[in-house]
Amino acid sequence: MTAIDYQAFYDRSVSDPDAFWAEQAQLIDWHHPFEQVCDASRPPFVRWFAGGTTNLCHNAVDRHVATRGDDRALIWSSSEVDREEIYTFAQLHREVQIMAAVLQSAGVKQGDRVLIYMPMIPQAAFAMLACARLGAIHSVVFGGFASHALANRIDDAEPVLVISADAGSRGGKVVPYKPLLDEALRLCSHPPRQVLMVDRGLSPFELQPGRDLDYAQLREAHRDAQVPCVWLPSEAISYTLYTSGTTGRPKGVQRDTGGYAVALAASVRHIFDGRPGETFFSTSDIGWVVGHSYIVYGPLIAGMSTIMYEGLPTRPDAAVWWHLVERHQVTVMFSAPTAIRVLKKQDPALLQRHDLRSLRNLFLAGEPLDEPTARWIAEALGKPIIDNYWQTETGWPILTLARGLSSGTPKFGSPGVPMYGYKVQLVDEQTGAVLDGANQKGLLVIDGPLPPGCMQTVWRDDERFVRTYWSSVPDRQVYSTFDWAVRDEEGYYFILGRSDDVINVAGHRLGTREIEECIAGHPAVAEVAVVGVADALKGQVALAFAVLRDPAKAATQELALALEGDILKKVDQELGAVARPARVRLVAALPKTRSGKLLRRALQAVAEGRETGDLSTMEDPVALEQLKAQLAAGG
Ligand code: AMP
């Protein structure tokens, strides 16, 4: 196909969405065919493939057993414990049924929530697929989150069961999970009835009688279990996944079953150019949306092998990923710009040591892809580097190039063009007017209904869904991405950053409010602001500015450093290392407007050494001057 064909493909997706998506829906198996493609009678809510029944696990596993049962489905590779395990579709089918039987024996039923707090081990994928099989709603919480963050998410999801493991491992260092989980269960108000523990033998732990179950033991008891898939209505909730917003309370992004399955099947084929029997390697983590869509569900639904990698990109050396690409003949690889920047610091010759001919494209997402990084990896690999822009909320790319359909040329700095199904617009935030001209900066919004695969609502909070995402511009209901963007003369979009307080650290999305609330809870802190500042490696890092109740507590440099360490420890223990600010600056005052609103942009500008812009609304310009002086002096 040519680039022109993509335009026709796109146009049809928005001019005749019913016909378009009815065709895409043939990429998956339906138990009962759908009666209506798109029910958008209650905007902004939408039901895709109404009347149809299907099952994600059936589409990812069972349907491939007859035709490719001996093909590799899940390739688990860990450079942390130096092991590799390969499961064919038939073996995966067995393991998922065993896990499903174990869940059933623990009383898990359709519609129940199961929270998964696990490192990157095969049992995490079995658990997700087993939940899907039973119609239980999984909620995976990234292993890098600690007890408070976990407790908040448990209270929101109210799971009947939590699945966890003794420990993860990072850079060869064991990271115990059980103590964090036990603490979270002590803190939360809705503890689950039971905890299912997978013991990897990395970190000894005690099972709490009456609550904790041992997976290995139960696995033995259910080793021959036959557990059929439960046929679910297309709109049945498959999972919730927490993501950060502007408040301290994380949002449970809720996704359906049928729409998601279709969106993934279509995107693996049209966007990622992945074909059945080939291998997909996404370096993300199951705790993030990329892990859900493109480690677990997407590749398997498409009949591909998927690599689940536990470890760093640089251990045992910076060729570890390329070694996997060569050994498993990876055709589709998906990673994040930060990882490439980490590799860039290493010897490029490491890359050349491997035969990477199988690889067709390298897809990068999660944060802005800077041109030097894109150029470096494009030259080093000799393959197209495809930036793609999307969000936890959408589940699959909004802007990119559909590599399975056309050879559209990548443009440095741009993730590309709108994907089929997304009615992308740039609007003026104040007036809501659509900006049709080239090179006009606007808020990137999507006109409803959102295509299949996107979030249905905020878990248990329809009102928050509408208020947060659909009320950004006056007089019109459009979905806001909260990103600024421009479009050039050729229709390519460029993302310019968030319009809210969400920051992006190494491709991980963090809410500054959650970090602020944690630091504000420190007894020495009177007031705190957390902003994201530019970082050469991670894109952004969080930087905290704290005003002390008693400035004498930081009278000497030793005292100040000790206090900073103590505050950072609190963040580590409560939210997890992933949320830890690079520094906590102890300052005399925070810059505010006359109405008392914190001037985050000014703080950010000062921290990045930029001009602060118009400060006429500022209450106390002295605070900012002091801050500048303090930062300049390295305070
Ligand atoms: P998450 O929900 O964690 O995937 O984060 C989504 C946010 O990350 C988006 O709203 C953007 O701010 C940012 N983002 C994701 N992908 C890209 C990209 N390719 N280029 C620029 N920003 C991106």
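- By the 6.0 Å contact criterion, CZ on R341 is enclosed, its count of non-hydrogen atoms from other residues, nucleotides or ligands being greater than 12.
- Taking the six-membered ring where the residue is Trp, the centroids of Y117 and F145 are separated by 6.0 Å or more.
- Listed for the E574 side chain is no donor-acceptor partner under 3.5 Å among the backbone atoms of V571.
- A distance of 7.5 Å separates OG in S414 from CG in L401, rounded to the nearest 0.5 Å.
- Panel note: side chain T512, backbone I503; no donor-acceptor pair is recorded below 3.5 Å.
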Worksheet item: Where do I286 and M128 land on the side-chain contact (heavy atoms from CB on, under 4.5 Å) test, with the steps shown first?
Response: CA-CA 9 Å; I286 48 142; M128 291 167 75; 4.1 Å; yes
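- Contact check for Y469 versus R464: no side-chain heavy atoms found under the 4.5 Å cut-off.
- Side-chain N or O atoms of E367 include one that pairs as donor or acceptor with a backbone N or O of T338 at under 3.5 Å.
- Within 6.0 Å of CG in D18 there are more than 12 heavy atoms belonging to other residues, nucleotides or ligands.
- Between W396 and Y420, the distance separating the two ring centers is shorter than 6.0 angstrom.
- When ring centroids are compared, Y422 and Y10 stay outside the 6.0 Å threshold.
- Checking side-chain atoms of Q391 against main-chain N and O of T481 turns up a donor-acceptor pair under 3.5 Å.
- The 12-atom threshold is exceeded at CZ of R476, counting heavy atoms of other residues, nucleotides or ligands nearer than 6.0 Å.
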Practice prompt. Might you work through the side-chain hydrogen bond (donor to acceptor under 3.5 Å, both in side chains) test for T240 and S139, ending with a clear yes or no?
Written response: CA-CA 5 Å; T240 64; S139 191; 3.1 Å; yes
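- Aromatic ring centres of W390 and Y294: separated by under 6.0 Å.
- Under a 3.5 Å cut-off, the side chain of S293 and the backbone N or O of G395 do form a donor-acceptor pair.
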Practice prompt. Report the C-alpha distance between M419 and H270 in whole Å, list the side-chain angles of each, state the deciding distance to 0.1 Å, and finish with yes or no for side-chain contact (heavy atoms from CB on, under 4.5 Å).
Written response: CA-CA 10 Å; M419 283 301 97; H270 304 315; over 6 Å; no
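- With hydrogens and angles disregarded, a donor-acceptor distance shorter than 3.5 Å links the side chain of N504 to the backbone of G366.
- Classification of the Y239-H292 ring pair by plane angle, with boundaries at 30° and 60°, yields tilted.
- Here Y493 and Y389 keep their ring centres 6.0 angstrom or further from each other.
- When atom types are taken as modelled, the side chain of S238 and the backbone of D256 share a donor-acceptor pair closer than 3.5 angstrom.
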Practice prompt. Could you please spell out the steps behind the side-chain hydrogen bond (donor to acceptor under 3.5 Å, both in side chains) verdict for T457 and D462?
Written response: CA-CA 6 Å; T457 185; D462 285 351; 2.7 Å; yes
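- Interatomic distance, D285 CG to M308 CE, rounded to the nearest 0.5 Å: 7.5 Å.
- Using a distance-only test at 3.5 Å, with no hydrogens or angles considered, no donor-acceptor pair links the side chain of E527 to the main chain of A546.
- Donor-acceptor pairing under 3.5 Å is recorded for the side chains of N439 and E489.
- With hydrogens and angles disregarded, no donor-acceptor distance shorter than 3.5 Å links the side chain of Q425 to the backbone of I446.
- For R255 and Y260, the positive end sits near the middle of the six-membered ring, less than 6.0 Å away and at most 45° from its axis.
- The minimum heavy-atom distance linking C518 with L575 is given by the pair CB-CD1, 3.9 Å.
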